[in-house]
Amino acid sequence: MGEAQRWFDDLPVIGRLPPAERAAALRALDPQPDAELEAQPKGFFSSVPDPWEHTSHAFGFLPPAAPASGLVDVTPASQIQADPALKNARIAVKLDRLRVAAYPGRGVHRILFDFYARNQREGGEDDLHFNMVLRAQQGQSAAVVGYPIFVGLGVGASGVGFRCHTVNVKNEQDEALLGILESDSMRRGLQLLSTVQPALAPLSTMAVGITRALAGRHRNVSVQDFYLGLDFGGSATGARLREGTYFAVQAPEEITASCWQQWAYNAQAQHLVARDNPAVPIVHNYIAFSVCRHPG
């Protein structure tokens with residue numbers, strides 16, 4: 001499998017498309033007469049970017065022993081201390097939240113979520129992809145907490161890397177394929193301790209194929225794409241690995257350096273919020289996934 005196929009570099013998120021291609025994609029998602037389009041230009045020609053237009057992400061970390069109520073500080077992922085006990089250990093990775101402040105189009109969004117990691121094991125390593133389907137109303141979160149992604153993922157001596165790619169699926173003909181991904185067998189995540197290693201490659205190849213097929217279909221668009229490498233070093237620009245929850249917020253690059261001073265986690269509402277308006281979730285799409293040590 002080539003690098004471009006593995007990383008979906010030839011499937012740019014909608015925020016990276018040239019203006020004409022972006023406008024065409026939006027019209028396909030939400031067709032309406034030109035007069036109505038001109039009367040409601042936001043999301044098509046507005047000078048104020050919509051949440052899905054940003055191509056950068058801010059990465060934060062929340063420790064596992066966070067308080068159950070009140071506002072909790074979120075630390076930039078580059079400023080936490082790594083846990084050396086996770087070197088060459090196995091971990092479980094779970095999806096805890098996918099917040100849709102705004103995806104292209106309207107109504108309920110069907111979102112294909114592709115998650116990549118490299119499994120380090122004795123005698124070799126495996127590139128793994130696991131995908132799932134989530135549904136979320138515009139301005140709300142998908143109904144998911146603790147959704148298993150990788151169970152027993154092997155961490156190397158230098159750390160582990162994750163990549164996430166989301167596709168907003170509007171093509172009705174893809175409903176049958178989405179149904180397969182929503183089956184009970186897929187909801188268990190990729191069980192690495194019990195999966196025969198030779199089976200990992202075809203499983204990951206199938207997952208990549210599904211993502212590529214859906215992302216390339218008419219009316220389907222990629223929205224979020226990020227890579228987060230977590231290591232045990234101390235570089236100022238890197239990110240560290242330890243047990244807890246990681247946030248990836250789709251936000252403009254100019255605010256990502258200071259955003260965690262302005263935002264906090266509302267433990268009671270279970271949302272990221274602005275400190276000066278803690279009752280309302282932030283106006284950005286974000287993904288939260290947790291990492292914990294696996295006993296296997």
Side-chain angles (χ1 to χ4, degrees), residues 8-9 11-60 97-114 133-144 163-171 211 214-228 247-260 262-263 271-277 279-288:
F8 308 125
D9 287 345
L11 297 173
V13 295
I14 189 170
R16 292 189 182 276
L17 294 178
E21 292 183 29
R22 186 186 307 177
L26 289 168
R27 288 191 177 93
L29 282 167
D30 192 14
Q32 52 185 317
D34 290 345
E36 184 180 352
L37 179 61
E38 292 175 1
Q40 300 178 0
K42 180 166 174 51
F44 288 86
F45 307 112
S46 174
S47 60
V48 179
D50 281 301
W52 48 262
E53 293 187 71
H54 305 303
T55 57
S56 57
H57 283 75
F59 301 103
R97 185 166 295 276
L98 188 147
R99 169 74 182 174
V100 178
Y103 263 37
R106 293 179 291 183
V108 176
H109 298 280
R110 296 173 297 173
I111 302 165
L112 176 67
F113 179 92
D114 183 285
V133 174
L134 303 168
R135 297 172 189 257
Q137 184 76 247
Q138 191 87 313
Q140 299 183 19
S141 299
V144 56
R163 185 157 184 174
C164 175
H165 192 97
T166 68
V167 180
N168 193 36
V169 180
K170 289 291 186 179
N171 192 319
T211 301
L214 291 181
R217 293 284 290 272
H218 177 62
R219 301 190 71 218
N220 298 344
V221 293
S222 297
V223 180
Q224 291 177 260
D225 185 274
F226 66 82
Y227 179 85
L228 178 60
F247 294 95
V249 183
Q250 189 176 17
E253 190 170 12
E254 57 267 23
I255 75 167
T256 56
S258 60
C259 63
W260 301 114
Q262 307 168 28
W263 301 340
H271 286 303
L272 287 177
V273 298
R275 292 182 183 276
D276 58 0
N277 192 10
V280 180
I282 59 173
V283 291
H284 299 285
N285 302 319
Y286 68 85
I287 292 165

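None of the values given here were measured: they were computed from a predicted structure. Here, residue 1 is the first one in the sequence, and each next residue gets the next number.
Looking at Arg163 and Asp225, a side-chain N of the basic residue comes within less than 4.0 Å of a carboxylate O on the acidic one, giving a salt bridge.
Residue Glu253 qualifies as open at atom CD: its count of foreign heavy atoms under 6.0 Å is 12 or below.
Taking His284 as the reference, Trp263 meet the ring pair (Phe, Tyr, Trp, His ring centres under 6.0 Å) condition, with sequence neighbours excluded. Scored by the ring pair (Phe, Tyr, Trp, His ring centres under 6.0 Å) test, Phe226 finds His57, Phe59 as partners (sequence neighbours excluded). In this view, Arg99 satisfies the side chain to side chain donor-acceptor pair (under 3.5 Å) rule with no residue, not counting sequence neighbours. Partners of Tyr286 according to the side chain to side chain donor-acceptor pair (under 3.5 Å) rule, which considers only residues two or more places apart in sequence or in another chain, do not exist here. Applying the side-chain contact (heavy atoms from CB on, under 4.5 Å) test to Gln137 and every residue at least two apart in sequence or in another chain returns Val108, Gln140. For Arg275, the salt bridge (Lys or Arg N to Asp or Glu O under 4.0 Å) test picks out Asp73, with sequence neighbours left out.
In this structure, the side chain of Gln250 engages the main chain of Val223 through a donor-acceptor pair within 3.5 Å.
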Stepwise side chain to side chain contact (heavy atoms under 4.5 Å, CB included) test for Ile287 and Phe113:
CA-CA 10 Å; Ile287 292 165; Phe113 179 92; 3.8 Å; yes

Would Leu26 and Ile14 count as a side chain to side chain contact (heavy atoms under 4.5 Å, CB included) here? Give the steps.
CA-CA 9 Å; Leu26 289 168; Ile14 189 170; 4.1 Å; yes

Run Ser222 and His165 through side chain to side chain contact (heavy atoms under 4.5 Å, CB included) and show every step you take.
CA-CA 7 Å; Ser222 297; His165 192 97; 2.8 Å; yes

Stepwise side chain to side chain contact (heavy atoms under 4.5 Å, CB included) test for Cys259 and Val249
CA-CA 10 Å; Cys259 63; Val249 183; over 6 Å; no

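For Leu17 against Pro12, the heavy-atom pair with the smallest separation is CD2-CG, 3.9 Å. Nearest heavy-atom pair across Ala58 and Trp260 is O-CZ2, 3.9 Å. For the pair Ala251 and Thr256, the tightest heavy-atom approach, listed with the atom from each and the gap, is O-CG2, 4.1 Å. Nearest heavy-atom pair, Ile282 versus Ala274, reported as atom, atom and distance to 0.1 Å: CG2-N, 3.7 Å. Of all the heavy atoms in Ser141 and Ala136, the pair that sits closest is C-CB, 4.0 Å.
Taken from CG in Asn220 to CZ in Arg110, the straight-line distance is 7.5 Å, to the nearest 0.5 Å. Taking CZ from Arg22 and CZ from Arg16, the interatomic distance works out to 11.0 Å, rounded to the nearest 0.5 Å. Note: Leu98 CG to Arg135 CZ = 13.5 Å, rounded to the nearest 0.5 Å. For the atom pair NE2 (His109) and CD (Gln138), the distance works out to 3.5 Å, reported to the nearest 0.5 Å.
Between Val100 and Trp52, every side-chain heavy-atom pair lies at or beyond the 4.5 Å cut-off. Side-chain contact between Pro49 and His54: present, with at least one pair of heavy atoms (C-beta onward) separated by less than 4.5 Å.
Of the residues Thr166, Asp50, Asn168, Asn285, the one that meets the side chain to side chain donor-acceptor pair (under 3.5 Å) test with Tyr103 is Thr166.
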